[in-house]
Each structure stands twice: as C-alpha cells, then as structure tokens.
Amino acid sequence: MDKDKYKKRLHELVMQLKEQEPDLFAYLQQEVKASDVTMVSDSRIDKIEEYLGLDYKLDDINPAEITAGTLNYTFVDIPSLRNQLNSDFREMMRYRYGTRSHKSDFYEYCKYAHFQLEAMTNYFMEIWSTPDEPEDAQPNIELAKKNIRENWKEKYPVTFYDTIKSIEDIPYQNKVKPILNFINIKDVLISNPQYIYYNQADIVDYIRRTRNACSHRGAQLSAIMNDAIDDFELHKVLRTSATGKTQLYDFSANWDVKYYLWLRSTPWDDVAKALRLFVTTLQAHLE
C-alpha cells in the first residue's frame with residue numbers, strides 16, 4: 001500500500017467535495033462527529049485531519065493572523081488563475097503552520113509565496129501591456145518592453161533576447177522590478193531589525209532566492225551562510241543612511257550577508273507583509 005499516495009488522493013477528494021458540494025461536506029462532518037459506532041471526539045478528528053494533511057481550518061485562513069490586513073484574489077478575473085492563487089496561498093499557510101509536512105518549513109513557505117508573486121507579475125504585466133484600443137486588443141510584447149524600459153531603475157540597462165516572443169518569456173526579474181517602481185512600493189519598509197533596513201524590493205528578491213534554494217539547501221548552503229555571517233560579525237561597521245538620520249550596517253563587502261541574516265531569522269511576517277503589499281497595490285491599480 002502506497003500510504004502517501006492514498007493520503008494525497010484522499011486530501012484531493014475531500015477538498016473537491018468541500019469546494020463543489022459544501023452542504024454535503026458539512027453533512028459528512030456532522031455524521032462522522034455524531035457516529036455512535038466510532039464515537040470519534042472533535043479532538044480526535046483534529047488529530048486525523050492533521051495527520052492526513054486535510055487541515056480544513058486553513059482553507060479560509062488569511063495573513064491577518066500573522067500580520068496586519070487581509071489578502072484575497074477575488075479581483076482576478078481569470079477563474080483558473082484565481083483558483084491557483086488561492087491554492088498556492090493555502091499551501092503557503094500549511095507550511096507556515098506545519099500541517100502539510102508535519103513541521104513548519106520556511107523554504108516551502110517562500111516557494112508558494114513566490115508562485116503567487118510570479119503569477120501576479122505576469123497577470124499585471126499582460127494587462128499593463130494591452131493597448132486601450134481596440135476592445136479586443138491582446139497583450140503586446142513591444143508595449144511590455146517599452147513599459148519595462150521606462151520603469152527600469154537598475155544600474156545596468158535591461159536587455160531582451162531575440163527568443164522572447166511573449167510576456168511569459170521575459171525573465172521574472174525583468175518584469176517584477178519595473179512593476180515595483182511603477183506602482184511605487186519598491187522602497188516601502190517591510191522590517192527594520194537592529195541596524196538593517198529591509199524594503200519591499202529586498203523581500204521580493206529574497207523570496208525568489210529562497211524559492212531557488214529549496215532544492216539546494218543543506219549542509220553546504222548552511223556552511224556558506226555561517227562562514228559569511230561569521231566573517232561579517234568580525235568586521236562589521238556602521239554607515240549613515242542616505243537620509244543622514246539612521247545608522248545601518250555596511251554590507252558593501254558582501255551583500256549576500258544581508259540576505260543570509262534575513263534567511264537565518266526565518267521572518268514569516270516579512271513574507272506575508274510583502275506579498276500582501278504587492279497584491280493589494282496591484283489590485284488598486286487595476287480597479
């Protein structure tokens with residue numbers, strides 16, 4: 001018996017029942033809880049749900065439980081995309097509370113946050129790059145390139161390869177960075193631990209990097225991180241911020257250390273806050 005396979009299939013069936021037949025789902029729960037044969041207590045049901053990864057309680061959870069505000073995708077007018085975003089959000093929360101893998105997993109949490117950031121980046125870029133006229137206009141790759149160039153604030157100019165034929169072909173980084181500039185949230189403060197400033201652009205990039213590190217995490221990555229942080233601790237110095245009002249650590253000798261310190265602290269709230277800010281700001285621009 002492939003227990004993991006059956007658990008996964010059972011979870012899919014239960015979730016399908018809940019979404020498509022909510023009344024039947026509620027009735028089934030009542031019958032299970034009221035059964036004279038099984039005499040299963042509510043606490044026992046919770047344990048079974050936890051073990052199987054059915055976690056009904058997380059299906060309606062939102063980031064309000066871990067950071068200020070709410071998050072929903074009701075404004076996304078493509079049903080398949082909206083369903084996928086909601087699904088990725090639920091997976092993200094399961095890894096936050098440990099119900100999917102029986103332990104909290106920050107790497108997987110970031111992976112599903114990145115899936116949402118990437119999907120919303122493409123969704124907004126397609127709308128942003130669709131001409132106003134005519135009504136049946138489709139996303140235009142040349143208009144997308146124009147929008148990107150006009151909102152590109154990086155040190156080096158953006159380039160587009162000849163193989164790029166659609167908006168999805170454009171690298172994620174080449175899309176999300178100009179969008180952050182266009183909607184004016186790049187420099188919004190997300191968190192401020194002692195002598196460090198993490199803004200929206202930092203966290204969006206760190207979520208991407210952590211998602212990419214999912215398959216490479218382990219002793220080697222930990223050693224690289226620890227060595228870099230140890231070296232930083234031995235030589236760390238403070239600098240004055242651009243405003244002249246704040247003292248910040250100088251990471252110019254190795255900018256990766258700023259990311260490593262963030263990753264080692266597993267800042268769950270930073271991820272939720274940055275995701276919410278991105279989604280709600282895009283929503284405001286689309287309405």
Side-chain angles (χ1 to χ4, degrees), residues 46 49-51 53-73 84-121 172 176 180 185-218 221-222 224-226 228-229 232 248-249 251 255-283:
D46 288 342
E49 291 173 1
E50 178 182 352
Y51 178 71
L54 301 182
D55 45 34
Y56 307 126
K57 298 177 183 65
L58 292 185
D59 291 332
D60 299 318
I61 200 170
N62 63 61
E65 298 200 9
I66 55 176
T67 190
T70 58
L71 173 67
N72 69 73
Y73 291 108
Q84 186 60 55
L85 288 163
N86 286 325
S87 175
D88 288 339
F89 176 73
R90 289 196 296 267
E91 288 296 297
M92 172 183 159
M93 289 295 99
R94 288 177 182 122
Y95 280 111
R96 170 65 182 93
Y97 292 104
T99 55
R100 171 62 66 233
S101 58
H102 307 287
K103 66 177 182 179
S104 296
D105 192 321
F106 187 70
Y107 284 83
E108 292 291 335
Y109 179 76
C110 286
K111 181 173 79 174
Y112 283 95
H114 175 75
F115 287 163
Q116 294 166 77
L117 289 169
E118 188 172 35
M120 287 304 302
T121 292
Y172 169 71
V176 73
L180 290 174
I185 62 172
K186 175 184 176 182
D187 297 319
V188 172
L189 177 66
I190 299 298
S191 64
N192 184 206
Q194 188 176 33
Y195 302 127
I196 306 177
Y197 181 106
Y198 291 118
N199 62 25
Q200 176 75 5
D202 289 330
I203 305 307
V204 168
D205 187 49
Y206 294 168
I207 291 171
R208 176 191 63 85
R209 292 182 64 174
T210 306
R211 176 260 184 276
N212 291 342
C214 272
S215 58
H216 304 292
R217 56 179 157 173
L221 177 59
S222 295
I224 292 172
M225 288 174 54
N226 291 334
I229 292 172
F232 167 76
L248 299 172
Y249 282 131
F251 293 103
W255 281 100
D256 284 340
V257 174
K258 185 179 179 183
Y259 165 61
Y260 293 153
L261 289 169
W262 180 86
L263 178 59
R264 192 167 72 173
S265 71
T266 59
W268 307 91
D269 287 1
D270 281 15
V271 176
K273 187 175 180 180
L275 176 60
R276 176 183 177 271
L277 177 62
F278 189 68
V279 173
T280 56
T281 307
L282 291 183
Q283 178 182 6

Margin query: Exactly one of Tyr107, Tyr172, Tyr109 should register a ring-ring contact (aromatic ring centres under 6.0 Å, His included) with His114. Which one does?
Written below: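 Of the listed options, the one satisfying the test is Tyr172.
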Who pairs with [X] by side chain to side chain contact (heavy atoms under 4.5 Å, CB included), at least two apart in sequence or on another chain?
X	value
Ser265	Pro267
Ser191	Pro193, Tyr198, Asp270
Tyr197	Leu189, Asn199, Leu248

Checklist line | Contacts of type side chain to side chain donor-acceptor pair (under 3.5 Å), residue Tyr260, not counting sequence neighbours | finding: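 By the side chain to side chain donor-acceptor pair (under 3.5 Å) rule, Tyr260 matches no residue at all.
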Check: Can you list the residues that meet the side chain to side chain donor-acceptor pair (under 3.5 Å) rule with Gln283, with sequence neighbours excluded?
Finding: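 Per chain and number, Gln283 pairs via side chain to side chain donor-acceptor pair (under 3.5 Å) with Glu287.
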Note to self: What verdict does the side-chain contact (heavy atoms from CB on, under 4.5 Å) test give for Val271 and Arg96, after you've listed the backbone C-alpha separation in whole Å, the side-chain angles of each residue and the deciding distance to 0.1 Å?
What the structure shows: CA-CA 11 Å; Val271 176; Arg96 170 65 182 93; over 6 Å; no
Next item on the list: Over all heavy atoms of both residues, which pair between Tyr73 and Gln116 is shortest? Give the atoms and the distance, please.
Entry: OH-OE1, 2.8 Å
Next item on the list: Write down the atom of Ala274, the atom of Ile203, and the distance for their closest heavy-atom approach.
Entry: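 For Ala274 and Ile203, the tightest heavy-atom pair comes out as CB-CG2, 3.5 Å.
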Note to self: Let's go through Leu117 and Ile207 carefully: what are the C-alpha distance in whole Å and the side-chain angles of both, what is the deciding distance for side-chain contact (heavy atoms from CB on, under 4.5 Å) to 0.1 Å, and is it a yes or a no?
What the structure shows: CA-CA 9 Å; Leu117 289 169; Ile207 291 171; 3.8 Å; yes
How long is the gap from [atom1] on [X] to [atom2] on [Y], to the nearest 0.5 Å?
X	Y	atom1	atom2	result
Ile190	Gln200	CD1	CD	4.5 Å
Thr280	Asn72	OG1	CG	10.0 Å
Arg90	Met93	CZ	CE	12.0 Å
Gln84	Phe115	CD	CZ	8.5 Å
Ser222	Leu263	OG	CG	9.0 Å
Met120	Leu275	CE	CG	9.5 Å

Next item on the list: Could you tell me how the ring of Phe106 sits relative to the ring of Trp268: parallel (under 30°), tilted (30 to 60°) or perpendicular (over 60°)?
Entry: perpendicular
Item checked: Any residue meeting salt bridge (Lys or Arg N to Asp or Glu O under 4.0 Å) with Glu108, in chain and number order, not counting sequence neighbours ->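 Only Lys111, Arg217 meet the salt bridge (Lys or Arg N to Asp or Glu O under 4.0 Å) criterion with Glu108.
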Checklist line | salt bridge (Lys or Arg N to Asp or Glu O under 4.0 Å) against Arg209, all qualifying residues, sequence neighbours excluded | finding: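 Expected list: Asp256.
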Margin query: Determine whether a donor-acceptor pair (N or O, by modelled atom type, separation under 3.5 Å) exists between the side chain of Ser104 and the backbone of Tyr97.
Written below: no
Check: Could you walk me through whether Trp262 and Ile196 pass the side-chain contact (heavy atoms from CB on, under 4.5 Å) check?
Finding: CA-CA 10 Å; Trp262 180 86; Ile196 306 177; over 6 Å; no
Notebook entry, point to check: salt bridge (charged side-chain N to carboxylate O under 4.0 Å, His left out): which pairs involve residues 192-205, sequence neighbours left out?
Noted result: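 Every pair satisfying salt bridge (charged side-chain N to carboxylate O under 4.0 Å, His left out) with a residue in residues 192-205: Asp202-Lys258, Asp205-Arg208.
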Notebook entry, point to check: Partners of Tyr195 by ring-ring contact (aromatic ring centres under 6.0 Å, His included), sequence neighbours excluded?
Noted result: Tyr249
Next item on the list: Check whether the side chains of Tyr112 and Ser87 place a donor and an acceptor atom closer than 3.5 Å, and report yes or no.
Entry: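 Their side chains do not contain a donor-acceptor pair, so the 3.5 Å distance test is not met.
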Checklist line | Ring center gap for Phe251 and Phe232 short of 6.0 angstrom | finding: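 Close enough - the centres of the two rings lie under 6.0 Å apart.
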Notebook entry, point to check: Does the pair Arg264 and Asn226 meet the rule for a side-chain contact (heavy atoms from CB on, under 4.5 Å), with working shown?
Noted result: CA-CA 9 Å; Arg264 192 167 72 173; Asn226 291 334; 3.6 Å; yes
